[in-house]
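Heads up: the structure comes next, in structure tokens.
The chains referred to below are lettered A, B, ... by the order of the sequence lines, with proteins before strands, and numbering in each begins at 1.
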2 protein chains.
Amino acid sequence: MKPTVHDIARSAGVSLATVDRVLNGRPGVRRVTRQKVEGAIAELGYVRDVAAANLAKGRTYAFTFILPANDNSFMLGLGDELRGAVVRSSAERMQIRIVNIPPFDPGALVAALEAEFDGRPAGIAFVAIDAPEVRAAVERLAAAGIPMVTLVSDLPEAARDHYAGIDNMAAGRTAGSLMGRFLAGAPATVAVVAGSMLVRDHRERLEGFSAVLQEQFPGLATLPVLEGRDDPVLVEALVGKALNETPDIRGIYSLGAGNRGLIQALRSVGSLRRPMVIAHELTAFTRQALSDGTIDAVLNQDAGHEVRSAIRVLKAKADGLPVIAAQERIRIDIFLKDNLP
Amino acid sequence: MKPTVHDIARSAGVSLATVDRVLNGRPGVRRVTRQKVEGAIAELGYVRDVAAANLAKGRTYAFTFILPANDNSFMLGLGDELRGAVVRSSAERMQIRIVNIPPFDPGALVAALEAEFDGRPAGIAFVAIDAPEVRAAVERLAAAGIPMVTLVSDLPEAARDHYAGIDNMAAGRTAGSLMGRFLAGAPATVAVVAGSMLVRDHRERLEGFSAVLQEQFPGLATLPVLEGRDDPVLVEALVGKALNETPDIRGIYSLGAGNRGLIQALRSVGSLRRPMVIAHELTAFTRQALSDGTIDAVLNQDAGHEVRSAIRVLKAKADGLPVIAAQERIRIDIFLKDNLP
DNA sequence: CAGTTTTTGAGGTACGTAAATCAGAAATTC
DNA sequence: GAATTTCTGATTTACGTACCTCAAAAACTG
């Protein structure tokens with residue numbers, strides 16, 4: 001049988017109350033007594049029954065997720081995953097509130113963060129915008145002892161407890177490496193389409209991509225970045241124009257959203273001149289394009305994993321427990337048409 | 001506040017006992033009463049508190065993991081992950097027993113499975129060997145109502161409840177696609193190193209790999225499969241011999257274990273003639289080889305994820321709960337030197 | 001309508017831990 | 001050595017659900 005606090009008390013020759021004091025770090029236990037109890041715990045291999053403990057604590061976890069009301073497939077999918085997780089997690093004493101704010105708006109994010117002070121949530125997850133005022137708000141919440149997790153886009157070196165998202169620099173490097181190898185090292189011109197260079201994850205992806213091309217594939221030249229603002233219509237126009245004006249484009253790296261427009265532009269190009277294309281985020285559109293050969297590779301972050309990881313981490317932080325780092329690492333999925341799930 | 005059974009009882013105008021009967025599907029409730037209770041549950045949005053329920057049930061989950069006593073890095077890593085999970089899961093009322101059996105031995109696996117009848121475990125996970133006698137044993141355990149999960153290697157169309165592992169056919173296809181693209185479609189000779197063609201996952205990987213080469217890269221010719229029995233020494237000998245006898249090998253796909261030997265053999269080849277190499281499983285050896293350029297890509301299955309997924313699924317099955325399919329899909333990681341974790 | 005069966009109510013105990021109270025013991029201080 | 005402070009023990013209640021018993025009410029049966 002699994003040992004309980006009673007067994008510890010008996011084995012250590014102390015009372016239940018003392019065991020409780022040791023277990024929960026309450027004061028009023030002499031050093032020697034504490035060591036006796038800890039010895040018994042180690043000897044019997046006692047592990048606290050979290051179900052019973054949570055029940056006794058009667059604690060519920062109020063978490064808030066702040067998401068941009070973006071209408072691209074990825075963010076919509078993230079919202080879906082989150083709502084699914086909310087339903088399931090209510091069975092585990094968690095109450096998750098979802099707050100939507102206008103996208104790309106640091107002021108709105110700060111306001112939403114400030115508003116959380118009143119509710120005193122057990123934790124907050126949010127898609128970070130890298131701006132000084134956001135950092136300041138995060139510092140204040142951290143000072144108030146509220147655990148915070150950044151989601152999808154990070155705020156490095158700020159007081160957040162964890163980042164639930166991919167390493168965007170590594171993603172960019174991976175894209176660069178694939179592009180270089182797929183183009184077999186021959187001299188060629190590559191175009192890069194981004195959403196906005198103001199967004200941190202896009203900047204990092206570009207940085208990683210460019211670094212690898214420079215280091216390992218000097219034969220590949222890149223054109224100036226096309227900023228499509230994650231807007232399918234704008235992306236289509238920009239890419240179409242670029243393909244017309246620079247017919248020798250042999251590769252395209254799309255590191256933001258709005259891939260619907262990219263795919264449109266590519267479809268109107270003759271299949272002979274179709275460039276090598278690497279894009280981000282597996283959506284209905286990119287999946288289709290991948291299987292029909294319009295896109296060659298898709299780098300993906302799994303929104304469901306990110307959401308579940310954020311929830312797990314918030315809960316662990318709220319409980320003061322360590323997180324299993326390996327489990328919480330969000331991986332960069334590489335999809336070719338051959339390993340589509 | 002979160003509603004409890006008491007709230008349901010009050011709201012439906014029945015007693016606690018009746019609510020309990022409805023919730024747990026016990027007999028002795030009239031149709032109309034049952035509907036009243038279900039209405040109240042829906043209206044109040046009641047969700048059973050799993051922590052309290054598990055505590056009350058006093059149930060502990062006895063799971064058995066049957067692992068081959070293989071000494072390659074991957075299986076050793078899997079064992080480590082499992083032992084780590086065992087420690088953590090004991091806090092969640094799970095007791096996981098690990099049984100080691102000789103590798104590649106259907107008889108030993110059957111014996112280990114048979115032995116589980118007595119213990120009546122709440123679930124079994126095992127690395128499957130595709131043999132008729134194993135299938136028969138699985139049928140008997142399934143008939144006894146014991147949930148089963150195959151780990152790493154599957155037993156398709158058998159009575160197991162779930163497979164916690166990668167799609168090996170897709171892995172092989174991915175390797176084939178990468179190899180074809182990395183070699184840029186030029187005519188070349190490719191060698192394949194496997195552990196044993198008797199093991200299902202190796203067969204499937206080869207099948208997927210060959211299919212893609214045939215379909216998409218007809219210029220690539222493959223040599224007869226080298227069976228290295230996952231043994232570093234044998235692998236080194238075979239690969240060394242092949243590289244000597246067939247100097248125009250431009251690609252190697254190592255779909256099994258024993259990559260230490262492969263790497264050794266590659267290191268003694270001049271870097272000019274070094275072929276394009278794709279291997280499986282990220283270990284200390286393959287990681288090193290990847291970062292120094294000896295290996296070009298590694299396809300990986302995350303042992304930790306597989307173990308945790310198997311445990312989650314077994315628990316869900318034991319509780320009669322549905323599994324979140326998306327969460328339990330084990331992904332094929334593709335690692336280049338640029339996205340090493 | 002009496003007898004039988006089914007349904008329901010009321011109440012209790014248990015699970016393992018948290019948290020509190022209060023009295024008594026031990027250690028420390030003056 | 002008395003007074004004070006610091007520890008410790010014993011006991012109790014609570015968390016939300018599961019599961020049990022027993023009695024009473026209601027619904028059927030012939």
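- Going from atom CZ of A:R31 over to atom P of C:dA27 covers 16 Å, rounded to whole Å.
- Taking side-chain N and O atoms only, B:S15 has no distance below 4.0 Å to OP1 or OP2 of C:dA10.
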Where along nucleotides 15-30 of chain D does protein come under 4.0 Å, by heavy atom, of base (B) or sugar-phosphate alone (S), with - for untouched nucleotides? BBBSB-------S---
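- The two residues A:V110 and A:A137 make their nearest non-hydrogen contact at CG1-CB, 4.2 Å.
- With respect to B:R97 and B:E116, a salt bridge is recorded, a charged nitrogen being found less than 4.0 Å from a carboxylate O.
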Please set out all donor-acceptor pairs under 3.5 angstrom arising from side-chain atoms of residues 22-29 of chain A, sequence neighbours excluded.
{"from": "A:N24", "atom 1": "OD1", "to": "A:R48", "atom 2": "NH1", "distance (Å)": "3.0"}
{"from": "A:N24", "atom 1": "ND2", "to": "A:D20", "atom 2": "O", "distance (Å)": "3.2"}
{"from": "A:N24", "atom 1": "ND2", "to": "A:D20", "atom 2": "OD1", "distance (Å)": "2.9"}
{"from": "A:R26", "atom 1": "NE", "to": "A:D20", "atom 2": "OD2", "distance (Å)": "3.2"}
{"from": "A:R26", "atom 1": "NH2", "to": "A:D20", "atom 2": "OD1", "distance (Å)": "3.2"}
{"from": "A:R26", "atom 1": "NH2", "to": "A:D20", "atom 2": "OD2", "distance (Å)": "2.7"}

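- Residues satisfying the side chain to side chain donor-acceptor pair (under 3.5 Å) test with B:R93, not counting sequence neighbours, are A:D49.
- Between the NZ atom of A:K36 and the C1' atom of D:dG9 there is a distance of 12 Å, rounded to whole Å.
- Between the side chain of A:S11 and the main chain of A:I8, no donor-acceptor pair closer than 3.5 Å is present.
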